[in-house]
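Structure first, then comments.
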Amino acid sequence: MQWVSRITTVALMTVLPILGGQWLDGRLATSYWSPIGLVVGLVLGAWQLMLLVRSAEKSAARNSAAKKSENAARKLWGSKVVKPADSPRATSASTAEIAREIDAVLDQEKRTSDREP
């Protein structure tokens, strides 16, 4: 549903200035508002589309980082990954502890791999 609203926003930002320019041309008996509306609409639509792509890239990067963290936790504790409690205090403490344990395991694996010939 979120993507529907984003795509609708891009479409409206592109079409509404064009329609507004045509309306002004008819209302004021001019002929220059339609091309101005066309240019403004295309610029606004392209700008909104660029923002949409950037937010999608950031979201994909966050999801990738979360998957890497979850895979490291699964490697550490097997297939059972325990979700932290809902309270903010418990969440931050649990997350910090998990991060320290993951770092310790990764350091230990690095030291082990450095010793092997």
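Nothing here was measured: the structure is a model prediction, and the numbers come from that model.
- When all heavy atoms of L44 and P17 are compared, the pair lying nearest together is CD1-CG, 4.2 Å.
- With hydrophobic clusters built from ILVMFWY side chains whose heavy atoms lie under 4.5 angstrom apart, M13 shares a cluster with W23.
- In plain terms, the two heavy atoms of D25 and Y32 that are nearest each other are OD1-N, 3.4 Å.
- In the hydrophobic clustering of this structure, L28 groups with I36; members are Ile, Leu, Val, Met, Phe, Trp, Tyr whose side-chain heavy atoms approach within less than 4.5 Å, directly or through other members.
- Residue G45 comes nearest to V10 through the heavy atom pair O-CG1, 3.9 Å, listed as atom of the first residue, atom of the second, then distance.
- Between the CG atom in L51 and the OG1 atom in T9 there is a gap of 11.0 Å [rounded to 0.5 Å].
- The two residues T8 and V4 make their nearest non-hydrogen contact at OG1-O, 2.7 Å.
- Here the CG atom belonging to L49 is positioned 12.0 Å from the CZ atom belonging to R6, to the nearest 0.5 angstrom.
- One distance of note links CG of L52 with CH2 of W47; it measures 12.0 Å at 0.5 Å rounding.
- Legend: residues meeting side chain to side chain contact (heavy atoms under 4.5 Å, CB included) with S59, ordered by chain and number and at least two apart, are R62, N63.
- Remark: L24 CG to S31 OG distance equals 12.5 Å, nearest 0.5 Å.
- Transitive grouping of hydrophobic side chains (ILVMFWY, heavy atoms separated by less than 4.5 Å) brings V40 and M50 into a common cluster.
- Annotation for L16: hydrophobic cluster partners, listed by chain and number, are L12 (ILVMFWY side-chain heavy atoms under 4.5 Å, direct or chained).
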